[in-house]
S.K.: 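What follows is a single structure, and I will ask about it in a moment.
Start at 1 and go down the list; that is how both ligands and their atoms are numbered. In this chain, numbering begins with 1 at the start of the sequence shown.
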Amino acid sequence: MALRRKLIAGNWKLHKTVEESLELAGQLSAGLKRDDLDVLVCPTFPALFPVAQRLKGTAVKVGAQNLFWEDQGAFTGEVSGPMIKAAGAIYALVGHSERRLHFAESEKTAALRVAAAWRSGLTPILCVGELLQERETGRMEGVLESQLAGALAGVSTAQAGGLVIAYEPVWAIGTGKTASDAQANEAHAYIRGWLSYRFDKHVAESLKILYGGSVKPANAAGLLNQSEVDGVLVGGASLDASSFLGIIHAI
Ligand code: 13P
């Protein structure tokens, strides 16, 4: 089995002013005691540049929570890949379920954002995941397949190896209900199998699949020890340095 370095990512969502973001970034870089895994934080857009400056030369990397698919132009309110890259980020989340829910994002727009991320030299972290009702009616695999197929429609096999996928079951986000270790592993195995079929075995074995949804210091080790779980994407528990560091140091 390919050795995949773990990635522990924090999605700060709509939280923290620039000053608060800088404080948290400083606490994280000061408290990080290991260099055998990758650590990433995704602040709000106003905090992206200052946080990237603060973290320069440390092991903590920076990502954006979203990006627009055009590089520039008359698109009021949007932020593009080249701007995000120039601000010091190296990753961008794409297709988070909150974007799908509140901002009508679709597989089609996710595909445009994935393409824009590659073009700008950013690694896309494509988020997929089913609703509770979809899981309960046996449609989890079909939902994951259509989200993956739609968002990765334009991705070549050569590009695919550098992707990151985040499996975030919507019913586990911000609810305190985590997928069990086995449920997470099973969904990740399905995603990896699909990637092997769509691209090839080498791509499927090399790319990282993160789990997201109510990850806390207390449940992180169980999830991170699963063979198919290559890291976690943390919301609420990434807003506090000691809990995010607790997750990073859990295994
Ligand atoms: P919570 O960890 O707050 O459930 O959020 C997960 C998430 O959506 C990360 O992107």
S.K.: Quick one: list whatever passes side-chain contact (heavy atoms from CB on, under 4.5 Å) with A115, sequence neighbours left out.
M.R.: none
S.K.: If you have a sec, work out which protein heavy atom is nearest atom 2 (O) of ligand 1 and how many Å separate them, to one decimal?
M.R.: G235 N, 2.9 Å
S.K.: For atom 7 (C) of ligand 1, what is the closest protein heavy atom, and at what distance to 0.1 Å?
M.R.: E168 OE2, 3.2 Å
S.K.: Where's the contact between N11 and ligand 1, heavy-atom distance under 4.0 Å: side chain, backbone, both or neither?
M.R.: side chain
S.K.: Going by the atom numbers of ligand 1, which of them fall below 4.0 Å from some non-hydrogen atom of G213?
M.R.: 4 (O), 6 (C)
S.K.: Any idea which atoms of ligand 1 are less than 4.0 Å away from a heavy-atom of L233?
M.R.: 9 (C), 10 (O)
S.K.: Quick one: does A172 get a heavy atom under 4.0 Å from ligand 1?
M.R.: yes
S.K.: Does the R4 side chain pair with the main chain of S206, one donor and one acceptor, at a distance under 3.5 Å?
M.R.: no
S.K.: Among all protein heavy atoms, pick out the one at the shortest distance from atom 5 (O) of ligand 1; state its residue, atom name and that distance to 0.1 Å.
M.R.: K13 NZ, 3.1 Å
S.K.: Could you label the plane-to-plane angle of the W194 and F199 rings as parallel, tilted or perpendicular, counting under 30° as parallel and over 60° as perpendicular?
M.R.: perpendicular
S.K.: What's the shortest distance from atom 3 (O) of ligand 1 to any protein heavy atom, and which residue and atom give it?
M.R.: G236 N, 2.9 Å
S.K.: Is a side-chain N or O of D230 found less than 3.5 angstrom from the main chain of I209, in a donor-acceptor match?
M.R.: yes
S.K.: Using only atom types and a distance under 3.5 Å, with no angle test, would you say the side chain of E105 pairs donor to acceptor with the backbone of L101?
M.R.: no
S.K.: Closer than 4.0 Å to some heavy atom of H96 - which atoms of ligand 1 meet that?
M.R.: 7 (C), 8 (O), 9 (C), 10 (O)
S.K.: Any N or O of A237 that comes nearer than 3.5 Å to an N or O of ligand 1?
M.R.: no
S.K.: Indicate whether any N or O donor in one side chain lies under 3.5 Å from an N or O acceptor in the other, for H96 and E168.
M.R.: yes
S.K.: Please verify whether a non-hydrogen atom of S214 lies at under 4.0 Å from ligand 1.
M.R.: yes
S.K.: Would you sort out whether L207 and I165 count as a side-chain contact (heavy atoms from CB on, under 4.5 Å), showing the intermediate values?
M.R.: CA-CA 8 Å; L207 65 72; I165 307 286; 4.1 Å; yes
S.K.: Which side-chain N or O atoms in residues 118-131 pair as donor and acceptor under 3.5 Å with protein atoms at least two apart or in another chain?
M.R.:
{"unit_1": "R119", "atom_1": "NH2", "unit_2": "W69", "atom_2": "O", "d": "2.7"}
{"unit_1": "R119", "atom_1": "NH2", "unit_2": "D71", "atom_2": "OD1", "d": "2.9"}
{"unit_1": "S120", "atom_1": "OG", "unit_2": "A116", "atom_2": "O", "d": "2.6"}
{"unit_1": "E130", "atom_1": "OE1", "unit_2": "Y167", "atom_2": "OH", "d": "2.9"}
{"unit_1": "E130", "atom_1": "OE2", "unit_2": "R135", "atom_2": "NE", "d": "2.8"}
{"unit_1": "E130", "atom_1": "OE2", "unit_2": "R135", "atom_2": "NH2", "d": "3.3"}
{"unit_1": "E130", "atom_1": "OE2", "unit_2": "Y167", "atom_2": "OH", "d": "2.9"}
{"unit_1": "E130", "atom_1": "OE2", "unit_2": "W171", "atom_2": "NE1", "d": "3.0"}

